[in-house]
Novice: 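Handing you a structure now.
Below, chain A is the first sequence line, B the second, and so on; all start at residue 1.
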Amino acid sequence: MTDSSAEASDSSNFIRDIIDADLAAGKIDTIVTRFPPEPNGYLHIGHAKSICLNFGIARDYNGYCNLRFDDTNPEKEEQEYIDSIRRDVQWLGFEWHSNPFASDYFGQLYDFAIDLIKQGKAYVDSQSADDIRANRGTLTEPGSKSPYRDRSVEENLQLFEAMKNDEYADGEHVLRAKIDMNSPNIKMRDPVLYRIRHVTHHNTGDDWCIYPLYDFTHGLSDSIEGVTHSLCTLEFEDHRPLYDWILDNLETPSRPVQTEFARLQLEYSLTSKRKLNALVTEGHVSGWDDPRMLTISGMRRRGFTPESIVNFCDMIGITKKNSTIEMGVLETALRDDLNARALRRMAVINPLKVVIENYPEDQEEFFDGANHPQKPELGTREVPFSREIYIERDDFMEDAPRKFFRLSPGREVRLRFAYYITCKEVIKNAAGEIESLICTYDPASRGGSSPDGRKVKGTIHWVSASHAVDATVNLYDRLFTMPNPGAAADFHQALNPESRVVMNNAKFEPAIELTDNAIAYQFERLGYFISDYDSTSDQPIFNRTMTLRDSWAKIEQSQKIG
RNA sequence: UGGGCCGUCGCCAAGUGGUAAGGCACCAGGUUUUGAUCCUGGCAUUCGUUGGUUCGAAUCCAGCCGGCCCAGCCA
């Protein structure tokens, strides 16, 4: 569970079976994969699945994986995204062999296009975009040939060069593959290979005014890099014949094979770039790294560990079946990892003051609290105790049912690590709201057990009032109330209005590092927490990464219903 | 109704002709100074469906049903 994120997984899948077969047949000896994001947005949990697949295979087969930026559309790509993608891949624990841009290959790609033209397998089309669309046919009707389809090789060569030499405006011409306008696969009806775009490219600047499209670029880039297994999502299945056509009609350095797998779909979440972007720009979240976002950067800020994400990806598997993963799977992967590593501390999020009337007014003492109940090697910390403490308001109930194992008038409860206390009196304000509790403690129960061996069912957490550190805590819940917000007519209506609840009167025990975002804590009985990027010693801010499993809440819930 | 792909427990997922792994969830117990963790046990006579081949089928064949993807000069 605490293994490094880049550890080998024992999970097999149909893609690994293909690789095993290729290896056994002697087709290849070094496995090469690539993760090819377009730098036009932030990476999310869906990308993590692909990253784990591609980098995981390369690692397990002693091959290598490239991080290639598929940057053939200069209108949407930015340095900000490049930086974040690199950071996220590394944070997940993976190392790329090389990190090229598809745009690094523009020169070679241009030469390949010339080759196709010379073979009579590509032509310059001068129809408008609308005409091209109209002539493409429909799902059930074949397309019709462009009037420019039979231009001579010489004319095509001259026109394409002129396109490259900035002699035309955007949209005046395109380069198309000459395949089959009658193909039942629409992708094969003379797909566009190059378009004119007078836009400055983040990597090539103004060197080019023609840009290749994905289908022309991808397989050739794979081939140039020696990629053996080009893994992509299901919606590219129709592109595979075109991927193959490009490689089969050109003399390429190597012959990669494309295989498709199902993209990740997670309940109560969105991975559409457009909708994610809307959440950010419309202000429903604070940014791409808002802790509620299932972007890698959001999850990092929320307190996910890379290991938990990698383990999640192992748990869900790789298939060709469209499926939707329940949130519980992600939550379990997270809790498993955090449970193993998080240091235990006590914090009170919604405080209720308790005065222990028989405890000496100016006395204080310190208890040793284990940093981890199952890992004594992680040591202990000192937990201060005094006459006035805070407990969680939820841990007190005036009229408590029998199964409520916490504090209520006349009942005794254990303060974790400290003493047994009994509630003697409830102090209320004029409005009838509970203001504080008067309790007594049993000095003989020091450490949390009494010599007479009497049983105390409940143990609650607490913080000494005079030693407490004031803090703000963000409680996060799922961003959407519907299992499939992406299917809603308007995903805004699925937004959870209580996805973030700010508790700004929290009380921490002193032994909590306020600004180290790398330390995962478990606040006992409350969940896993981590300091936010904005946290300072003066104004501590913590994010609740995930609650603990709560079977009491489940019982309460069923009692209300039943 | 053109083409491509998919259909094994509530959600994932092994299985590749020899008689249904595992995980999550759920249920029932046990341990516990976190109603956490941990441990034990339970949880598909059945693999979308109907026929066929076979001594034997989730696995092979045929039909049917259901779902997803494709008509950007996006990726």
Novice: Can you tell me the distance, in whole Å, between the CZ atom of A/F312 and the P atom of B/rC11?
Specialist: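 Rounded to the whole Å, the gap is 16 Å.
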Novice: When the P atoms of B/rC11 and B/rU19 are considered, how many whole Å apart are they?
Specialist: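 Between the two P atoms, the distance is 27 Å.
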Novice: So which nucleotide from B/rA25, B/rU8, B/rC12 ends up closest to the side chain of A/I316?
Specialist: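 Nearest to the side-chain atoms of A/I316, counting from C-beta on, is B/rC12.
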Novice: May I ask you to say what A/R549 touches in the nucleic acid, namely base, sugar-phosphate or nothing, with a heavy-atom cut-off under 4.0 Å?
Specialist: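 Answer is sugar-phosphate: A/R549 comes under 4.0 Å of backbone atoms only.
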Novice: A/T324 and A/Q265: side-chain donor and acceptor closer than 3.5 Å?
Specialist: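 There is such a pair (donor and acceptor under 3.5 Å, judged by atom type) between the side chains of A/T324 and A/Q265.
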Novice: Quickly work out the A/I460 CD1 to B/rA36 P distance and round it to whole Å.
Specialist: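 One finds 17 Å between P of B/rA36 and CD1 of A/I460, rounded.
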Novice: Roughly, in whole Å, what's the span from CZ in A/F160 to P in B/rC73?
Specialist: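 Those two atoms, CZ and P, are 16 Å apart.
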Novice: Just by distance, do the side chain of A/K375 and the backbone of A/A340 share a donor-acceptor pair under 3.5 Å?
Specialist: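 It does hold such a pair.
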Novice: Look at all strands and tell whether A/K403 reaches a base, only sugar-phosphate, or nothing, counting heavy atoms closer than 4.0 Å.
Specialist: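 Touches a base.
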Novice: Starting at CG of A/L415 and ending at P of B/rU34, how long is that distance when rounded to a whole Å?
Specialist: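 About 13 Å, once rounded to whole Å.
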Novice: B/rU40 and B/rU46: how far apart are their P atoms, nearest whole angstrom?
Specialist: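 Their P atoms lie roughly 29 Å apart.
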Novice: Record whether the side chain of A/H239 comes under 3.5 Å of the base of B/rA75 through a donor-acceptor pair of N or O atoms.
Specialist: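 Yes, a donor-acceptor pair under 3.5 Å.
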Novice: Regarding A/H461 and A/R344, do their side chains bring together a donor and an acceptor under 3.5 Å, going by distance alone?
Specialist: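 Their side chains do not contain a donor-acceptor pair, so the 3.5 Å distance test is not met.
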Novice: Using Watson-Crick or G-U wobble geometry with both distances under 3.5 Å, which nucleotide pairs with B/rA14?
Specialist: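 The answer is none; no pair meets the criterion.
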Novice: Expressed as a whole number of Å, how far does the C1' atom of B/rU45 sit from that of B/rU37?
Specialist: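 Taking atom C1' in both B/rU45 and B/rU37, they lie 37 Å apart.
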Novice: Quote, to the nearest angstrom, the P distance that separates B/rA25 from B/rA36.
Specialist: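 Pairwise P distance, B/rA25 against B/rA36, rounds to 13 Å.
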Novice: Would you say the side chain of A/D550 and the base of B/rG35 hold a donor-acceptor pair, judged only by whether the two atoms sit under 3.5 Å apart?
Specialist: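 Between B/rG35 and A/D550, which were checked side chain against base, a qualifying N/O pair under 3.5 Å is absent.
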Novice: Assert yes or no for the condition that the ring centre distance of A/H218 to A/Y214 is strictly below 6.0 Å.
Specialist: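 Ring-ring flag for A/H218/A/Y214: true, centres closer than 6.0 Å.
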Novice: What do you reckon, do A/Y214 and the base of B/rA75 stack, with centroid distance below 5.5 Å and planes below 30°?
Specialist: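 Stack criterion not met.
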Novice: On a plain distance test, is the side chain of A/R335 in donor-acceptor contact with the base of B/rU37 below 3.5 Å?
Specialist: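 When only heavy-atom distances are counted, A/R335 does not reach the base of B/rU37 through any donor-acceptor pair under 3.5 Å.
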Novice: Any Lys/Arg nitrogen of A/E509 or A/R381 sitting under 4.0 Å from an Asp/Glu carboxylate oxygen of the other?
Specialist: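 Looking at A/R381 together with A/E509, the answer is yes, because their closest N to O distance falls below 4.0 Å.
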Novice: Going by modelled atom types, is there a donor-acceptor pair between the base of B/rG4 and the side chain of A/R240 at under 3.5 Å?
Specialist: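 Per atom types, no contact qualifies.
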Novice: May I ask which nucleotide in the shown strands pairs with B/rU31, Watson-Crick or G-U wobble, both distances under 3.5 Å?
Specialist: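 By the stated definition (distances under 3.5 Å), nothing pairs with B/rU31.
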Novice: Specify the separation, in whole Å, of atom CD1 of A/I186 and atom C1' of B/rG2.
Specialist: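 Taking atom C1' of B/rG2 as the reference, CD1 of A/I186 is at 8 Å.
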Novice: Salt-bridged, A/R197 to A/E75, with N to O below 4.0 Å?
Specialist: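 A salt bridge links A/R197 with A/E75.
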Novice: Hey, are A/R525 and A/D394 close enough for a salt bridge, meaning a charged N less than 4.0 Å from a carboxylate O?
Specialist: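 Salt bridge: no.
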Novice: Considering Watson-Crick and G-U wobble pairs with both distances under 3.5 Å, what does B/rC60 pair with?
Specialist: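 WC or wobble partner is B/rG52.
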Novice: Nearest-Å distance, CZ (A/R406) to C1' (B/rG35)?
Specialist: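 Going from CZ in A/R406 over to C1' in B/rG35 covers 7 Å.
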Novice: Looking at the side chain of A/S551, which of B/rU34, B/rG2, B/rA36 is the nearest nucleotide?
Specialist: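 Of B/rU34, B/rG2, B/rA36, B/rA36 is nearest to the side chain of A/S551.
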Novice: With a 3.5 Å cut-off and heavy atoms only, can you find an N or O donor on one side and an acceptor on the other between the side chain of A/E141 and the base of B/rG2?
Specialist: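 For A/E141, whose side chain was compared with the base of B/rG2, there is no donor-acceptor pair (under 3.5 Å).
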Novice: Between B/rG72 and B/rC60, how far apart are the C1' atoms? Round to whole Å, please.
Specialist: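 Roughly 42 Å separates the two C1' atoms.
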Novice: Partner lookup for B/rA75, please. Criteria are Watson-Crick or G-U wobble with both distances under 3.5 angstrom; report none if nothing qualifies.
Specialist: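 Its partner is none (no Watson-Crick or G-U wobble pair with both distances under 3.5 Å).
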Novice: Could you check how far CG of A/D215 sits from C1' of B/rG72, rounded to whole Å?
Specialist: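 That distance rounds to 11 Å.
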Novice: Between B/rA57 and B/rC64, how far apart are the P atoms? Round to whole Å, please.
Specialist: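 Roughly 24 Å separates the two P atoms.
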Novice: In whole angstroms, how far is the P atom of B/rC12 from the CG atom of A/L330?
Specialist: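 From A/L330 CG to B/rC12 P: 15 Å.
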